[in-house]
Amino acid sequence: MEFTASQIANVINGKIIGDETATISGVSPIESGEEGHLSFVAQERFADQIETSKCSVLIVSEKLITKDSYPATVIAVEDAYLSFQILMNLYKEMQGRKSGIEDGAVFHETAKVGENVYVGAFTCVSEKVRIGDESQIYPQVFIGKSVKIGKNCVIYSGVRIYDYCVIGDNCIVHSNTVIGSDGFGFQPTKDGYQKIPQLGNVVLEDDVEVGANCTIDRGTIGSTVIGKGTKIDNLIQIAHNVKIGQNNVIAAQTGIAGSTVIGDWNQIGGQVGIVGHITIGSQVRIQAQSGVNSSAKDNEILYGSPAINAGEYRRNYVHFRNFSQIVKRINNLENISKDKTNE
């Protein structure tokens, strides 16, 4: 499909600088643009690319516009990044949605499916499952007994959703994620570790997105809960009975141990480890690779392992970088003291 600069500008309410009839048929990163493609410039550090990019059309934040003409056709907008997102979402909608049940999908007779639902080949839908309108279930998904999936969800190939779990509306779950696996619960005895039955479930509230290859364990009793609007990256482990609030973002390879409670609007970096049975407040930022072993209050910024307040961490790190010199000075002072004692 081809679009003109004028058509694009109308969608994002932009001002054209250059040829409004310029056409594009694809998109490129700004640094590797090519003729006939669209890209965007939203940050000062990429402003020089407005002059050098080979793209035919560029969406540019108004604050970066300094001239009346450029080699490419420029569409000036308040926020180029946001405008580009609007276009990408619109383009994705134009690709259309699948619907219907493909050959090879297996349905229990008690399962119920809403309107305009797509279920791919070799997906297994167990007894008493409920799937809401407009949801897309890709091939080779397993949906366990009494699972409820809301409206307009996307469940990608290879996902496994265990019995009794609940998926809200507008959720996305990427390939090979497991929702509702047993929590890591074992009782030590003289004969070894006795498994504790995991009888709860997992609840994903509305607008949650879970990346690929994640595991979210069911509660031992009760639910493991992922709050509305929370976004979970790839390769993340969330243990049994964890409660995560709304609109959190959690980066890859993070692990959260059992029964921890996390508030709203937190930012958790990659490879963070959080111990069990603690409480993390709201609007907390945790630096990548931090190890959190105690509760955190609202608005804290945590660094390090074990994690401490960011300001304290930075002050201590200055001393750590000079540690060898500090030890040398202490040794010198001790030698001077010994010499004076011997005198």
Side-chain angles (χ1 to χ4, degrees), residues 1-97 154 156 172 174-175 207 209 211-213 229 231-236 247-254 265 267-272 285-289 301 303 310 314 317 321:
M1 292 183 286
E2 288 190 346
F3 302 93
T4 66
S6 178
Q7 289 173 319
I8 295 167
N10 286 337
V11 171
I12 58 178
N13 194 29
K15 176 184 176 182
I16 295 177
I17 301 173
D19 181 9
E20 66 179 20
T21 66
T23 60
I24 62 100
S25 58
V27 295
S28 295
I30 186 63
E31 62 273 14
S32 58
E34 54 186 273
E35 188 175 348
H37 277 205
L38 171 75
S39 192
F40 72 99
V41 181
Q43 295 179 319
E44 180 71 36
R45 60 180 173 148
F46 296 116
D48 61 324
Q49 299 279 359
I50 306 173
E51 295 279 1
T52 61
S53 175
K54 295 180 181 179
C55 286
S56 298
V57 180
L58 295 174
I59 301 170
V60 180
S61 294
E62 292 172 346
K63 64 183 179 181
L64 304 179
I65 301 293
T66 59
K67 298 171 58 177
D68 294 330
S69 66
Y70 292 94
T73 294
V74 167
I75 302 174
V77 294
E78 182 177 354
D79 186 332
Y81 186 61
L82 178 60
S83 295
F84 196 71
Q85 285 182 336
I86 291 170
L87 290 175
M88 288 191 294
N89 284 324
L90 180 61
Y91 183 76
K92 185 175 181 180
E93 289 176 8
M94 293 172 65
Q95 304 307 302
R97 297 167 63 90
V154 180
Y156 283 104
I172 301 172
H174 289 274
S175 291
D207 304 309
E209 182 162 353
N213 295 298
K231 313 301 182 186
I232 295 170
D233 200 358
N234 305 323
L235 295 165
I236 285 175
N247 298 306
N248 293 276
V249 286
I250 305 174
Q253 297 185 353
T254 287
W265 292 100
Q267 298 176 12
I268 300 175
Q271 295 186 332
V272 166
R285 287 183 287 168
I286 304 176
Q287 175 77 6
Q289 295 190 325
I301 303 173
Y303 277 36
R314 285 191 288 266
Y317 190 72
R321 290 179 63 184

Taking the side chain as every heavy atom from C-beta outward, state whether [X] and [Y] have any pair of such atoms under 4.5 Å apart.
X	Y	result
Asn248	Ile268	no
Val27	Leu38	yes
Ile24	Ile8	yes
Thr254	Ile286	no

Report, as yes or no, whether the 6.0 Å neighbourhood of atom [atom1] on [X] holds more than 12 heavy atoms from other residues, nucleotides or ligands.
X	atom1	value
Asp19	CG	yes
Asp48	CG	yes
Glu20	CD	no
Glu44	CD	no
Glu35	CD	no
Glu62	CD	yes

Minimum heavy-atom separation for [X] and [Y], please, with both atom names.
X	Y	value
Ala42	Lys63	O-CE, 3.9 Å
Ile50	Tyr70	CG2-CD2, 3.5 Å
Gln49	Ile30	CB-CG1, 3.4 Å
Ala80	Ser61	N-OG, 3.0 Å
Ser83	Ile12	O-CG2, 3.7 Å
Ala22	Thr73	CB-OG1, 3.6 Å

So does [Y] get a backbone contact from the side chain of [X], meaning a donor-acceptor N/O pair under 3.5 Å?
X	Y	result
Ser28	Gly33	no
Thr4	Gln7	yes
Asp233	Ala251	no
Lys231	Asp207	yes

Kindly compute the distance separating [atom1] ([X]) from [atom2] ([Y]), expressed to the nearest 0.5 Å.
X	Y	atom1	atom2	value
Phe46	Leu58	CZ	CG	13.0 Å
Ile250	Gln267	CD1	CD	11.5 Å
Gln95	Leu90	CD	CG	10.0 Å
Phe40	Ser53	CZ	OG	11.5 Å
Tyr81	Gln43	OH	CD	9.0 Å
Ile75	Ile65	CD1	CD1	10.5 Å

Inset, instruction - Can you label the angle between the Tyr156 ring and the His174 ring as parallel, tilted or perpendicular, going by 30° and 60°? - result: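 Rings of Tyr156 and His174: parallel, as their planes differ by under 30°.
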